[in-house]
Amino acid sequence: MTAAVSAREAVALVTDDFTELPSAAGPGCDGPLDWPGYGRARAAAAARSGEDESVVCGTGTVGGARTVLVSFEFGYLGGSIGEGTGDRVAAAHAHARAHRLPVTVLLATGGSRMQEGMRALAQLQRLAGESARTRAAGLPQLAVLRDPTTGGGWATLGAGSDVVLALPGAQVGFAGSRVRPRDADPAAYTAESQLAHGHVDAVVPAAELRDVLGRWLSLLTRPAEGPVPPPYALGATEPAANGRDAVARARRPERPRADRYLADVFTERAELSGDRVGGTDPGIRCGFGRLPDGRTVAYAAQCGTATRPAGFRTAARLVRLADRLRIPVLTLIDTPGAANDAEAERAGAGPAIAELFGAVAEAVVPVTALLVGEGGSGGALALAAPGNTWATPDSYFSVIAPELATAILKRAPEDADATADDLRLRPEDLVALGVVRGVVGARPTAERGAADD
């Protein structure tokens, strides 16, 4: 369990430059239900917390980026959401849209305020509507989950954000501690569990929060312009002798993988984690990176393993977010194919691949793809950019792996090498077939020297 932090202490964790927005008046004495004693309870909460509502809203600079900050005060009636909360959050979103600012929510809430009944619960629809309008305006939304973050606040302002960070040990879940089944595993309602199951992007210690949040805000508000040039080749540069050689080179353990390419392209990165429906895939890296000129590019990179449904969904999430924020996308293709075990089928391999195909096809921002290793079937093609896919010399792309093609065609296993040639899967063959635009070379010597200086 993390130490209790007030709304203003939470703001002070991330910025020294906070300007509070004007506050709307709260509800009448006993609220819309004339709940007995509600007015007295609010007065007592204000005396304890120093706030007259469960949320404090304003603007601040974090990591060089100006943002609207919405910070919840758990000391005021458990950070519960009532009509006054809705008024202030709605005004904060309106300010963000008017001034083209991202929205950052520092959550600590127990849910909707019972003393205002359905008028309080209806605020969730109102908050979702405000978030949707801010999303449609192309502005990023980030959430930091404090302890606790439960109920409708988690299900709207938290889980509905583009990037979700959490403090270690924070209680996070739709069900609060007093309404869960008596035998429920408390570990399931933690920030760490939400991260493991794909619902949170990172768990960040309080001492690091300002830097991490600032990095995200800076990256998401400085998009590059135009398509990303394909990266230079970091491995072999000579053409493959034949299909068998192309496959063997792509499968070499020492061949450069996604991490080397990402480190070569970007000076700084921040990564998304999870598909938001219960899964993660360590074999795919998705996030946003800074180019040497300071501008941002989104990336989705396969790491050489069979991509699981959660990986395809995470990549689709990345592409859709980048498209909405008008940030160009770079994909790195490197997989023997989609995972084909029974668990992958139960997790929806086909629908997940379809989701990524759709996200790439619908993207308005330019997408650049580079084949850096194995390109196995539809699991690789899902990350390819129609009309803007390139290849490194130590890669191959095939409708199916040569060994599997040999088996399907009822050829002898020793015919796999000949099948690789028949598939015309070498980078040069792919160019001739019109599948890729070209084969990238190594960075020119002059550029390498400049990069080292």
Short question: side chain of [X], backbone of [Y] - any donor-acceptor pair under 3.5 Å?
{"X": "Asp30", "Y": "Pro36", "result": "no"}
{"X": "Thr280", "Y": "Gly198", "result": "no"}
{"X": "Arg146", "Y": "Val5", "result": "yes"}
{"X": "Arg443", "Y": "Ala233", "result": "no"}
{"X": "Gln302", "Y": "Gly379", "result": "yes"}
{"X": "Glu83", "Y": "Gln123", "result": "no"}
{"X": "Thr15", "Y": "Thr61", "result": "yes"}
{"X": "Arg210", "Y": "Leu13", "result": "yes"}
{"X": "Ser54", "Y": "Ser80", "result": "yes"}
{"X": "Asp323", "Y": "Val364", "result": "yes"}

Measuring from [X]:[atom1] to [Y]:[atom2], what's the distance to the nearest 0.5 Å?
{"X": "Asn388", "Y": "Thr368", "atom1": "CG", "atom2": "OG1", "value": "4.0 Å"}
{"X": "Ile327", "Y": "Leu321", "atom1": "CD1", "atom2": "CG", "value": "7.0 Å"}
{"X": "Arg48", "Y": "Tyr76", "atom1": "CZ", "atom2": "OH", "value": "10.0 Å"}
{"X": "Arg40", "Y": "Cys29", "atom1": "CZ", "atom2": "SG", "value": "8.0 Å"}
{"X": "Leu383", "Y": "Thr335", "atom1": "CG", "atom2": "OG1", "value": "9.0 Å"}
{"X": "Leu157", "Y": "Leu106", "atom1": "CG", "atom2": "CG", "value": "11.0 Å"}

Do [X] and [Y] have side-chain heavy atoms sitting under 4.5 Å apart?
{"X": "Arg257", "Y": "Val372", "answer": "no"}
{"X": "Asp281", "Y": "Phe312", "answer": "no"}
{"X": "Val265", "Y": "Tyr299", "answer": "no"}
{"X": "Ser218", "Y": "Arg290", "answer": "yes"}
{"X": "Val163", "Y": "Leu272", "answer": "yes"}
{"X": "Thr296", "Y": "Leu220", "answer": "no"}
{"X": "Leu139", "Y": "Val103", "answer": "no"}
{"X": "Thr392", "Y": "Leu370", "answer": "yes"}

Just do the side-chain contact (heavy atoms from CB on, under 4.5 Å) check on Val105 and Phe72 with the steps written out, would you? CA-CA 8 Å; Val105 182; Phe72 275 71; 4.1 Å; yes
Looking at residues at least two apart in the chain, or sitting in another chain, which of them share a side-chain hydrogen bond (donor to acceptor under 3.5 Å, both in side chains) with Gln194?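 Here no residue qualifies.
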For Thr104, what residues pass the side-chain hydrogen bond (donor to acceptor under 3.5 Å, both in side chains) criterion, not counting sequence neighbours?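 Only Thr67 meet the side-chain hydrogen bond (donor to acceptor under 3.5 Å, both in side chains) criterion with Thr104.
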Applying salt bridge (charged side-chain N to carboxylate O under 4.0 Å, His left out), can you list everything that pairs with Glu374, at least two apart in sequence or on another chain?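 With neighbours one apart ignored, the set is Arg251.
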Taking only residues two or more places apart in sequence, or in another chain, which ones meet Glu9 in a salt bridge (charged side-chain N to carboxylate O under 4.0 Å, His left out)?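 With neighbours one apart ignored, the set is empty.
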Looking at every non-hydrogen atom in both residues, tell me the closest pair between [X] and [Y] and how far apart they are.
{"X": "Ser273", "Y": "Leu195", "answer": "OG-CD1, 4.0 Å"}
{"X": "Ala382", "Y": "Phe357", "answer": "CA-CE2, 3.6 Å"}
{"X": "Gly235", "Y": "Tyr261", "answer": "N-OH, 4.2 Å"}
{"X": "Tyr38", "Y": "Gly31", "answer": "CD2-N, 3.7 Å"}
{"X": "Ala310", "Y": "Gly279", "answer": "CB-C, 3.5 Å"}
{"X": "Ala120", "Y": "Ile81", "answer": "CB-O, 3.5 Å"}

Indicate yes or no: does [X] engage [Y] in a salt bridge with an N to O separation below 4.0 Å.
{"X": "Arg97", "Y": "Glu130", "value": "yes"}
{"X": "Arg66", "Y": "Asp17", "value": "yes"}
{"X": "Asp275", "Y": "Arg308", "value": "no"}
{"X": "Glu271", "Y": "Arg285", "value": "yes"}
{"X": "Arg8", "Y": "Glu20", "value": "yes"}
{"X": "Arg88", "Y": "Glu53", "value": "no"}

Let's go through Leu167 and Asp147 carefully: what are the C-alpha distance in whole Å and the side-chain angles of both, what is the deciding distance for side-chain contact (heavy atoms from CB on, under 4.5 Å) to 0.1 Å, and is it a yes or a no? CA-CA 8 Å; Leu167 295 178; Asp147 185 50; over 6 Å; no
Would you find more than 12 non-hydrogen atoms of other residues, nucleotides or ligands less than 6.0 Å from [X] atom [atom1]?
{"X": "His197", "atom1": "NE2", "result": "no"}
{"X": "Glu343", "atom1": "CD", "result": "yes"}
{"X": "Arg326", "atom1": "CZ", "result": "yes"}
{"X": "Arg119", "atom1": "CZ", "result": "no"}

Which residue, Leu107, Thr109, Val164, forms the side chain to side chain contact (heavy atoms under 4.5 Å, CB included) with Trp154?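 Only one of Leu107, Thr109, Val164 forms a side chain to side chain contact (heavy atoms under 4.5 Å, CB included) with Trp154, namely Val164.
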With side chain to side chain contact (heavy atoms under 4.5 Å, CB included) as the test, pick out the partner of Arg126 among Thr156, Asp87, Thr85, Val89.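 The side chain to side chain contact (heavy atoms under 4.5 Å, CB included) with Arg126 is passed solely by Asp87 among Thr156, Asp87, Thr85, Val89.
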Any side-chain donor near an acceptor of the partner, Ser131 and Gln141, under 3.5 Å: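 Indeed, the side chains of Ser131 and Gln141 share at least one donor-acceptor pair under 3.5 Å.
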For the pair Arg215 and Glu208, evaluate salt bridge (Lys or Arg N to Asp or Glu O under 4.0 Å) and give the outcome as yes or no after the intermediate values. CA-CA 11 Å; Arg215 184 181 309 121; Glu208 300 173 19; over 6 Å; no
All pairs passing salt bridge (Lys or Arg N to Asp or Glu O under 4.0 Å) where residues 378-394 contributes a residue, at least two apart: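 Passing the test, one end in residues 378-394: no pairs.
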Taking only residues at least two apart or on different chains, which pairs with a member in residues 148-162 satisfy salt bridge (Lys or Arg N to Asp or Glu O under 4.0 Å)?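 Checked against salt bridge (Lys or Arg N to Asp or Glu O under 4.0 Å) - neighbours excluded - the pairs reaching residues 148-162 are Asp162-Arg324.
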Where do His99 and Thr59 land on the side-chain contact (heavy atoms from CB on, under 4.5 Å) test, with the steps shown first? CA-CA 11 Å; His99 296 273; Thr59 60; over 6 Å; no
Checking side-chain contact (heavy atoms from CB on, under 4.5 Å) for the pair Leu381/Phe397: CA distance, chi angles, key distance, verdict? CA-CA 9 Å; Leu381 187 65; Phe397 217 151; 4.1 Å; yes
